[in-house]
There are 2 protein chains.
Amino acid sequence: MDIISVAIVEDNHDIRQAMELLINGSEGYACIGAFNNAENGLEKIPQLLPNVVLMDFNLPGMNGIECIARLKGEFPDMQFMMLTVYEDDDKIFMALEAGASGYILKKTSPGELLDAIRDLHEGGSPMSSQIARRVVAYFQKQAKPNPALEALTSREKEILDQLSKGFLYKEIAGNLFISIETVRRHVHNIYEKLHVRSRTDAVNKYFNR
Amino acid sequence: MDIISVAIVEDNHDIRQAMELLINGSEGYACIGAFNNAENGLEKIPQLLPNVVLMDFNLPGMNGIECIARLKGEFPDMQFMMLTVYEDDDKIFMALEAGASGYILKKTSPGELLDAIRDLHEGGSPMSSQIARRVVAYFQKQAKPNPALEALTSREKEILDQLSKGFLYKEIAGNLFISIETVRRHVHNIYEKLHVRSRTDAVNKYFNR
DNA sequence: CTTTTTATAACATTTTGGTGTTATGTCATT
DNA sequence: AATGACATAACACCAAAATGTTATAAAAAG
């Protein structure tokens, strides 16, 4: 069982110290750095190269998201755990996009925190199942295509797909072995069915935006 | 503590019966239907209206994904748990897009299965942290914007954003209080920097496609 | 003093809107 | 089996609008 090296970025002194004590007092874990703001973390973490970084959301100056994004860009293998009191969708997605792989709440018990750190280090994404639901919901929202697209014939969908790839009319005509006039006709019908007046609007509907 | 009604769709007779026995033998759970294929499930589940449906992936005839998608469309509040042996990204994303909110492996222990059912019913998304990592990775993949966009000046980004929304040049000119000729110029510069020759291609780069 | 933003002007190309035609296949009803 | 109604898919022409290219250059910002 290897030792997991951990760094902490957390502005609250008590919480920071408590986590440091917890980690250093547990076998298999070592806290090799603890910082009270993002700027200090950004400066020192590149030298320490911890396996796992626990990051607070709200920090004085640069916030935790930005700090993760910068470090993750430089050290893609470093694992980041967002540690926060927030359960909003926005905050969750921002953290994940920035490169956090774990997202747990501060009220998490010491034992669970240690488990989560190990889990993260071993390739999991520890998060509560409530938070997982938010992430899943985001997927499901993205998935459903615009119902107006269903009204298109299969040929029209094909044309729309070509439009979305930026082909000129004459290129579409060539690709589908039809005349440019036919392409125009189809495009016209597509616009009518989608209630749009330009290629860009049609493509936006196609991609559900 | 209310009783959670569960339906099962699973073609393997032994597994199906074992799950039925487990659920009916546990306080707070009731298995109100068990089906050996998707077609039977689709027919009966609308009358049973269970709180939770456990769905196998591979079924003879229609697969479990399709079955979930159809039922979820009709009953958005019904909760679906994918129960499978597969850990591939494709299968996971297909299940989530179809409307499954939980995704657990068949090797999961009876006790954990019951916990997962309750968790799902109470608004969580039970999944192993390995599977959560796949979902999170998908997020992170999507997030990184095209670096070529960074070469654009802030004004150019503004113009590109307007382009992406489908505005005509003259509308963009009106929105930004500049002349249409200036819009033309900016668009031209944007195209050069992004190495594209059309609005659609530029917008596709903007949205990272 | 370089980059960015703004502006003109002339031009070619592409796209869009409007109004047609022809052929084919499906489907429900006669 | 024949009919009519309707959808799809293909092709055509004209005019107008929008987009893309090129060249040139002057404020504004840093």
Side-chain angles (χ1 to χ4, degrees), chain A residues 39 61-62 66 70 144-209, chain B residues 62 66 70 73 145-209:
Chain A
E39 289 76 7
M62 184 188 298
E66 179 66 22
R70 295 198 187 189
K144 57 185 163 208
N146 194 318
L149 294 182
E150 303 307 313
L152 300 181
T153 68
S154 64
R155 191 57 157 179
E156 285 165 349
K157 284 180 202 161
E158 209 171 345
I159 300 275
L160 178 52
D161 186 65
Q162 296 270 313
L163 284 179
S164 77
K165 298 193 169 99
F167 290 119
L168 302 179
Y169 282 9
K170 61 180 170 191
E171 290 171 329
I172 297 175
N175 293 343
L176 303 184
F177 306 105
I178 56 180
S179 91
I180 194 170
E181 295 303 326
T182 304
V183 175
R184 285 166 25 66
R185 192 83 272 267
H186 283 307
V187 172
H188 194 278
N189 291 337
I190 291 167
Y191 287 4
E192 273 195 347
K193 289 187 184 176
L194 299 185
H195 308 295
V196 299
R197 326 181 52 82
S198 75
R199 177 192 282 238
T200 307
D201 286 337
V203 172
N204 278 343
K205 289 221 169 185
Y206 182 57
F207 288 119
N208 200 21
R209 260 197 321 270
Chain B
M62 184 188 296
E66 178 67 21
R70 295 198 188 191
N146 194 320
L149 295 182
E150 303 307 313
L152 300 182
T153 68
S154 64
R155 192 56 156 177
E156 286 165 349
K157 284 181 200 161
E158 210 171 344
I159 301 272
L160 179 52
D161 186 66
Q162 296 269 313
L163 284 179
S164 77
K165 297 192 169 103
F167 289 118
L168 302 178
Y169 282 9
K170 62 179 167 191
E171 291 171 330
I172 297 175
N175 293 343
L176 303 185
F177 307 105
I178 55 180
S179 90
I180 193 171
E181 299 301 331
T182 306
V183 175
R184 250 193 243 292
R185 188 90 279 265
H186 283 308
V187 170
H188 188 69
N189 290 338
I190 291 167
Y191 288 3
E192 271 195 345
K193 289 186 184 176
L194 299 185
H195 307 294
V196 298
R197 329 184 47 80
S198 76
R199 182 186 187 119
T200 307
D201 286 338
V203 172
N204 278 343
K205 289 223 169 183
Y206 183 56
F207 287 120
N208 200 21
R209 260 195 319 268

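Convention: sequence-line order gives letters A, B, ...; per-chain numbering from 1. Everything quoted here is computed from the prediction, not taken from an experiment.
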Quick check on contacts: within residues 152-165 of chain B, what sits under 4.0 Å from DNA chain D by heavy-atom distance?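 When residues 152-165 of chain B is checked for heavy atoms under 4.0 Å from DNA chain D, there are no hits whatsoever.
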
The side chain of [X] lies closest to which of these nucleotides: [options]?
X        : options                : result
B:Glu181 : C:dT16, C:dA9, D:dA18  : C:dA9
B:Tyr191 : D:dT21, D:dA18, D:dA10 : D:dT21
A:His186 : D:dA18, D:dC11, D:dA9  : D:dA9

Are A:Asp161 and A:Lys165 within salt-bridge range, i.e. N to O under 4.0 Å? yes

Could you tell me whether B:Arg70 and B:Glu66 have a side-chain N and a carboxylate O separated by less than 4.0 Å?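 Result for this pair is yes, salt bridge flagged.
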
Judged by each residue's nearest nucleotide on DNA chain D, which is more toward the 5′ side, A:Lys193 or A:Arg185? A:Lys193

Rounded off to whole Å, could you give me the CZ-to-P distance for the B:Arg197 and C:dA12 pair?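 Rounded to the whole Å, the gap is 17 Å.
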
Just how far, in rounded Å, is P of C:dT8 from CD1 of B:Ile180? 11 Å

Taking only side-chain N and O atoms of A:Thr182, does any of them lie within less than 4.0 angstrom of OP1 or OP2 on D:dA9? no

B:Ser198 side chain N/O closer than 4.0 Å to the phosphate oxygens (OP1, OP2) of C:dT14? no

Less than 3.5 Å between a donor and an acceptor, one on the side chain of A:Arg184 and one on the base of C:dT15, is that the case here?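 When only heavy-atom distances are counted, A:Arg184 does not reach the base of C:dT15 through any donor-acceptor pair under 3.5 Å.
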
Just by modelled atom types, is the B:Leu163 backbone N or O under 3.5 Å from a matching donor or acceptor in the B:Tyr169 side chain? no

